[in-house]
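We name chains A, B, ... by the order of the sequence lines, and we start the count at 1 in each one. A quick note: this is a predicted structure, and the numbers were derived from the prediction, not measured.
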Protein chains: 2
Amino acid sequence: MRPNHHQFIAFSYVVREGSFSAAARRLGVTQSTVTQHVSKLEELVGSELLLRRRDGVSLTPTGRDFFGLADRLVALDCEIGERLRGYSSLNEGRLKVIANAPQPALQVIATFNDRFPNVHIDFRLCDWTTANQLIRDRVADVGLITDASERDDWERVVLQETRYVLYCRSDHALADRDIVGIEDLMDQTIILPEQGSLTQQVVHQKLAERQMELPQLITMTTFPVMCEAVRQGLGAAIFLKNSSHIYDGLVEIPIRDFHQIHQTCFVAPKDRARLKLINEFRAAALAITFQ
Amino acid sequence: MRPNHHQFIAFSYVVREGSFSAAARRLGVTQSTVTQHVSKLEELVGSELLLRRRDGVSLTPTGRDFFGLADRLVALDCEIGERLRGYSSLNEGRLKVIANAPQPALQVIATFNDRFPNVHIDFRLCDWTTANQLIRDRVADVGLITDASERDDWERVVLQETRYVLYCRSDHALADRDIVGIEDLMDQTIILPEQGSLTQQVVHQKLAERQMELPQLITMTTFPVMCEAVRQGLGAAIFLKNSSHIYDGLVEIPIRDFHQIHQTCFVAPKDRARLKLINEFRAAALAITFQ
DNA sequence: CGAAATTCCTATGACGTCATATTAGTGAAA
DNA sequence: TTTCACTAATATGACGTCATAGGAATTTCG
């Protein structure tokens, strides 16, 4: 026998949702159905595709191999569905959005949501490395990623250019400076985003070039937390201009050695890029950043 | 209800084979099955997809729209099938090949057939315009086309470079020349390929640039016929070097004004390009032309 | 010449087979 | 207990086949 849609679609949803039950809910069928489909697919392939663990499922190597195909099938299926409904309503749907910085992602989401209030948006903020990976693995639909990797099977559109700056409170020692250099940071407490972030990579590279080290370094998970920390007077933070909403009372100062320009990109797997929902999201992103 | 792959696959096969019965034979099901699937699809779409005529079927505008999707689904389906079978046997299959010149197509087909004798090859020679169109419309799987158009959804690989030359019999008035110019051709009978061919386009453009006209012009459908005509002493023919097997006793002479280089390309729709059969054909093409 | 037969298509209805999804029930882990 | 994955039994419906009908060219033959 040959595998059919149902099996691949069930498999794909399980991978993306991370569990059989969640996939079943999303698909609007019982969990039993999903189990049967995935089992059948595994039987046809002749090996396990998923590792079932208490905390969710993960892909086996074979599973990873098949997931690419399965997801392309799902994308095509959605596209066919859209065409059948005559491109009519976008009154339903889900979109998994991933970003490595709150801005401009949240702004884009706001615009998009304004236009399509009934589309459920699933936003996740994570570090640069993970963000790239989630798109590559097709777990997320679209990404807004700084300096996203380039790949043949990705659609990648540059949205805006930005560079690293120092953020501090207006009563900070460096607050009155027009520009600062790395050497000015040595005796300051510096806050950086978590491991895996592009910021960490860039900063560490710069420091390595100059054979310097920041003695007072704090890393934090997300940008809003960093902002809050700066506001509390914990220190000064380095991150991309425009990557988070900046509270009043904070100042941003260019850093002499971080003149390199970085690009915020819209990315999506090419097979998915034809989908109406994703097209609209891209349109919203372009509308925001080029206004 | 939602349409499923059976319906799309049936539809796609009907389009490519040009009839319900032929599609049924190819699919290994009864004609009744194919009819039912296509009807169901039409019912779901809400309009006719095919115009049934005595001499075959043709696409309605809506049908054309859906055929793109249907064919991508078929390609994906094949790819999944290949993956499941572990890329094992290529002992069956069909490949529609289109070209605007016998060479190097026939040579490539010979190589390919040597390696995969059980793959049925369906070769069609046609003019440049039609060849491009057949690939664009996904009626053919692969093409070997001179200066094929570039498109986002095509895979396009340059195989070899060539240029226009004059072919004539060794007793022809120009046979002893090392090189000829357009002016030398004015008082000769010149044979060109049919309307729509790249040769016609190029030659007419050159003539228009110089505001000249060839007084004694004959056009013929295919390259082998042109060769035969030259051999019979009908006149001299202009066509791409290496585009047909040249009989002994014919000489080829460069033309001064036709120095522009043309590229013979391998082309295939990108969705199909991942298929094993098509990969192997491309490999055969590259093996021939870069040996 | 022209009507009937032939041939090549596609369409339809009835029917058996198999696949799909549901409900219900089991066991395991948190 | 609750959550989750798997399994068994079952109803529904889809798929494919056969037999058959109808339409439109082509051929046959009086």
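Among the atoms of the strands shown, only primed sugar atoms or phosphate atoms (P, OP1, OP2) are found under 4.0 Å from some heavy atom of A/Ser21.
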Between protein and nucleotides 27-30 of chain C, what N or O pairs are separated by less than 3.5 Å?
unit_1, atom_1, unit_2, atom_2, d
C/dA30, OP1, A/Arg54, NE, 2.7

Using nucleotides 11-17 of chain C, report all nitrogen or oxygen pairs with the protein that are shorter than 3.5 Å.
unit_1, atom_1, unit_2, atom_2, d
C/dA11, OP1, B/Arg52, NE, 2.6
C/dA11, OP1, B/Arg52, NH2, 3.0
C/dA11, N7, B/Gln31, NE2, 3.0
C/dA11, N6, B/Gln31, OE1, 3.3
C/dT12, O4, B/Ser32, OG, 3.0
C/dG13, O6, B/Ser32, OG, 3.4

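Looking at A/Arg83, its side chain does come within 3.5 Å of a backbone N or O of B/Asp65 through a donor-acceptor pair. A donor-acceptor pair under 3.5 Å is absent between the side-chain atoms of A/Glu155 and the main chain of A/Ala268, judged by distance alone.
Shown here is B/Tyr13, whose OH atom has no more than 12 heavy atoms of other residues, nucleotides or ligands within 6.0 Å.
The distance between atom NE2 of A/His37 and atom C1' of D/dC6, rounded to the nearest whole Å, is 15 Å. Taking atom CZ of residue B/Arg25 and atom C1' of nucleotide C/dC9, one finds them 10 Å apart after rounding to whole Å. At whole-Å resolution of the value, CG in A/Asn4 and C1' in C/dA21 are 13 Å apart. Counting to the nearest Å, the P atom of C/dT10 and the CG atom of B/Leu51 are 13 Å from each other. Counting to the nearest Å, the P atom of C/dC18 and the NE2 atom of B/His6 are 15 Å from each other.
Taking the side chain to side chain contact (heavy atoms under 4.5 Å, CB included) definition, one finds that A/Arg16 meets it with A/Ser12, A/Phe67, A/Asp71, A/Asp141, A/Arg272, sequence neighbours left out. With sequence neighbours left out, the side chain to side chain contact (heavy atoms under 4.5 Å, CB included) criterion links B/Thr130 to B/Arg124, B/Cys126, B/Asp127, B/Leu134.
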Show your working on side-chain hydrogen bond (donor to acceptor under 3.5 Å, both in side chains) between B/Thr129 and B/Gln133 and close with a plain yes or no. CA-CA 6 Å; B/Thr129 310; B/Gln133 197 178 335; over 6 Å; no
Walk me through whether A/Thr111 and A/Gln107 qualify under side-chain hydrogen bond (donor to acceptor under 3.5 Å, both in side chains). CA-CA 6 Å; A/Thr111 307; A/Gln107 227 179 326; over 6 Å; no
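The ring-ring contact (aromatic ring centres under 6.0 Å, His included) contacts involving residues 32-54 of chain A comprise A/His6-A/His37, where partners must be two or more places apart or lie in separate chains.
The side chain of A/His5 contributes no N or O atom lying less than 4.0 Å from OP1 or OP2 of C/dT20.
Side-chain contact between A/Asn113 and A/Val119: absent, with no pair of heavy atoms (C-beta onward) separated by less than 4.5 Å. A 4.5 Å side-chain heavy-atom check between B/Leu50 and B/Phe20 finds at least one atom pair inside the cut-off. Under the 4.5 Å side-chain criterion, counting only non-hydrogen atoms from C-beta, B/Phe11 is not in contact with B/Glu42.
Of the residues in residues 9-17 of chain A, none has a non-hydrogen atom less than 4.0 angstrom from any atom of DNA chain C.
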